[in-house]
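Structure, as structure tokens:
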Amino acid sequence: MSPHTAGRRRVHRSAVTSLPLALAAVLVAAGTATAAPSRDARVIRTATLGEIPLGAFSNTLLPGSVADDHGVKLGGLGSDIYPAGREGEYWTVTDRGPNGQIKVDGAKRRTFPVPGFDPAIVKVRVCGDTVRVIDAIPLTTSSGKAVTGLPDQAGRDEAPYTYDARTPLSYNPNGLDTEGLVRAGDGSFWLADEYGPSLVHVSPRGQVLTRYVPEGLGLTGTDYPVVEALPSILLHRKVNRGFEGLAQLPGGDLVLALQSPLSLPDADAGNASRTTRLLRFSPRERAVTAEYAYRFDPVNVVDPSEDDTSELKISSVVAVGGDRLLVEERTDKAARLQLVELKRRSSILGGPWDDDTTSPSLEQLDDPAALGVPVLAKRLVVDLNKVEGVQQKIEGIARVDHDTLALINDNDFGMTDGAGAFDAQGRLVDSGIRTTVTYVRLPQGL
């Protein structure tokens with residue numbers, strides 16, 4: 001999670017009275033944006049999630065899991081959105097939970113104000129201008145314990161601290177930073193995780209069946225099976241920038257999107273690079289079968305207000321028929337959707353770019369295509385920054401029909417960075433940003 005900047009106006013949420021249990025909460029409405037001219041993409045509907053105390057939500061799923069939610073409300077559902085079969089119903093997934101950053105002695109510390117929070121798969125229904133939670137599934141280990149959203153490995157993941165950044169928390173090898181989500185035909189789920197990075201297969205009731213991680217990760221102490229089935233080159237993922245997008249192709253194969261370029265050969269190279277990677281995974285073979293080089297547009301093209309290339313990210317990939325995908329390129333303030341086709345001859349799997357001794361690395365190439373690297377061709381479908389009424393920080397996208405998309409934003413549980421995120425009593429000073437589902441009609445079908 002990249003928390004929203006602390007400079008935004010903060011407001012305290014008012015309590016919702018007569019709130020039923022979390023799974024039957026009454027939700028709050030949002031207005032619909034003014035439509036753009038019919039020849040352009042336009043917002044046709046918005047709906048907003050109401051205020052559900054995070055402790056009540058979590059303890060309904062796993063009693064006693066959260067002792068103090070510090071005033072945080074349920075949010076973070078925007079990690080992904082996937083059609084649930086009935087009109088207006090979607091599966092969503094939270095990320096690892098509320099977290100932020102506070103500087104202590106000049107160094108940033110990652111805070112987890114509700115360390116007992118367990119990432120969950122949440123089914124929602126859009127009813128008019130409200131979003132209602134109609135089901136929720138906690139993610140659990142083989143023995144039924146919460147996986148939690150805490151970092152896995154010391155020395156690889158950021159060290160976790162309490163909400164005030166004063167007290168260290170324990171790492172948890174079971175922890176997942178869940179992002180992408182799809183549902184398989186047998187009712188099970190597949191999730192993308194940023195920590196490993198990893199691909200996680202989950203039963204219909206939320207039990208982790210298998211976690212697929214890069215070769216050589218050496219993750220031990222988990223209470224579920226771990227299989228090193230992903231290319232070892234992924235060990236060079238940028239901290240907090242592992243897998244974020246996940247799509248399911250018509251034949252059942254999965255496509256994973258690495259959020260940012262790898263740190264190859266070092267962090268500076270990764271931060272300056274515009275080349276990231278997509279992986280194709282076969283659930284039948286339990287293996288990666290293809291890998292693709294994906295090239296971002298320049299950062300000031302994606303977001304005219306931004307000049308830092310490291311702010312470029314892929315947050316969502318959506319299957320739109322055959323081997324075609326919508327790919328979301330974004331910063332925290334802007335997003336554009338590109339259409340690509342995954343062709344077998346474009347795969348770079350097992351070649352020199354999967355060898356971390358190759359110099360220069362794929363990430364260091366200024367123009368990979370000019371040097372013979374088969375970079376995926378792409379076509380701009382829509383610049384969401386030019387569509388009035390679209391929220392910032394869109395992380396989940398679902399295809400509703402041939403010309404309509406459902407977008408969901410990540411509100412970061414209302415958190416911001418900095419010591420001012422909580423008041424003197426340790427209660428959240430809320431950002432006021434809400435979880436919103438936005439329907440966008442495209443001028444041409446997909």
Side-chain angles (χ1 to χ4, degrees), residues 1-3 95-119 139 141 145-179 191-200 208 210-244 256 258-273 276-277 279 310 313 354-357 361 363 417:
M1 179 178 77
S2 300
D95 63 13
R96 56 184 167 174
N99 67 95
Q101 287 185 318
I102 296 176
K103 276 191 176 181
V104 178
D105 297 329
K108 291 181 179 180
R109 290 182 175 179
R110 178 65 62 181
T111 62
F112 289 81
V114 191
F117 175 77
D118 188 42
L139 298 181
T141 67
K145 297 178 181 179
V147 300
T148 80
L150 293 170
D152 297 339
Q153 297 175 299
R156 177 167 172 79
D157 300 314
E158 295 168 297
Y161 285 84
T162 53
Y163 80 97
D164 54 7
R166 295 177 182 175
T167 306
L169 297 169
S170 298
Y171 288 86
N172 183 354
N174 294 313
L176 297 172
D177 185 1
T178 44
E179 295 293 345
L191 304 172
D193 157 68
E194 289 206 74
Y195 283 142
S198 56
L199 174 65
V200 187
V208 175
T210 309
R211 183 178 182 183
Y212 298 93
V213 303
E215 294 179 5
L217 180 63
L219 180 62
T220 60
T222 61
D223 185 25
Y224 49 64
V226 174
V227 177
E228 294 189 352
L230 308 181
S232 62
I233 200 75
L234 299 176
L235 295 175
H236 296 277
R237 65 99 173 94
K238 183 178 180 179
V239 173
N240 203 25
R241 298 282 186 91
F243 292 141
E244 180 135 333
L256 290 148
L258 198 65
Q259 184 180 20
S260 297
L262 296 174
S263 295
L264 270 176
D266 52 34
D268 288 343
N271 288 335
S273 179
T276 190
R277 304 171 188 232
L279 299 180
S310 71
K313 308 160 190 172
D354 278 345
D355 182 346
D356 60 11
T357 66
S361 67
E363 288 67 23
D417 279 338

Any side-chain heavy-atom pair from Tyr163 and Pro98 closer than 4.5 angstrom? no
Which heavy atom in Ser170 sits nearest to a heavy atom in Pro160, and how many Å separate them? O-CG, 3.9 Å
Distance col, row Leu191:CG vs Leu139:CG, nearest 0.5 angstrom, shows 6.0 Å
Asn271 side chain near Lys238 side chain, heavy-atom distance below 4.5 Å: yes
Looking at Gly97, is its backbone amide N or carbonyl O close enough to the side chain of Asn99 to form a donor-acceptor pair, meaning the two atoms are under 3.5 Å apart? yes
For the pair Arg241 and Glu179, find out whether any cationic side-chain nitrogen is under 4.0 Å from an anionic carboxylate oxygen. no
pair Val213-Asp193: side-chain heavy atoms closer than 4.5 Å: no
Quick one: CG on Asp95 to CG on Leu176, what's the gap to the nearest 0.5 Å? 11.5 Å
Which pair of heavy atoms, one from Pro151 and one from Phe112, lies closest together, and at what distance? CD-CZ, 3.7 Å
Where do Gly218 and Gln153 come nearest, in terms of heavy atoms and distance? O-NE2, 3.6 Å
Quick one: list whatever passes salt bridge (charged side-chain N to carboxylate O under 4.0 Å, His left out) with Arg156, sequence neighbours left out. none
So, do Asp152 and Leu217 sit near enough that their side-chain heavy atoms are less than 4.5 Å apart? no
Just how far is it from atom CZ of Arg110 to atom CG of Asp417, taken to the nearest 0.5 Å? 7.0 Å
Tyr195 side-chain N/O to Gly149 backbone N/O, donor-acceptor pair under 3.5 Å: yes
Going from CD on Glu194 to CZ on Phe243, what distance comes out if it is rounded to the nearest 0.5 angstrom? 10.5 Å
CG of Asp356 to CG of Leu234, rounded to nearest 0.5 Å, is 11.0 Å
Considering only heavy atoms from C-beta outward, does the side chain of Leu262 approach that of Ser361 to under 4.5 Å? no
Verdict with supporting geometry, Arg211 and Asp223, salt bridge (Lys or Arg N to Asp or Glu O under 4.0 Å): CA-CA 11 Å; Arg211 183 178 182 183; Asp223 185 25; over 6 Å; no
Do Asn174 and Thr141 meet the criterion of a side-chain donor-acceptor pair at a distance under 3.5 Å? no
How long is the straight-line distance from OG1 of Thr148 back to CZ of Arg96, given to the nearest 0.5 Å? 11.0 Å
Flag side-chain contact, heavy atom, 4.5 Å: Arg237 against Pro214: no
Can you check whether Ser198 reaches Tyr212 side chain to side chain, under 4.5 Å on heavy atoms? no
N/O donor-acceptor pair under 3.5 Å between Thr222 side chain and Tyr224 backbone: yes
Check: Thr178 side chain, Pro119 main-chain N or O, donor-acceptor pair, under 3.5 Å: no
So, for Gly242 and Pro197, which heavy atoms are closest and what is the spacing to 0.1 Å? CA-CB, 3.9 Å
Partners passing side chain to side chain contact (heavy atoms under 4.5 Å, CB included) against Thr276 (at least two apart in sequence or in another chain): Leu258, Pro261, Tyr294, Phe296, Ile314
Any sub-3.5 Å donor-acceptor pair from Thr167's side-chain atoms to Thr162's backbone N or O? no
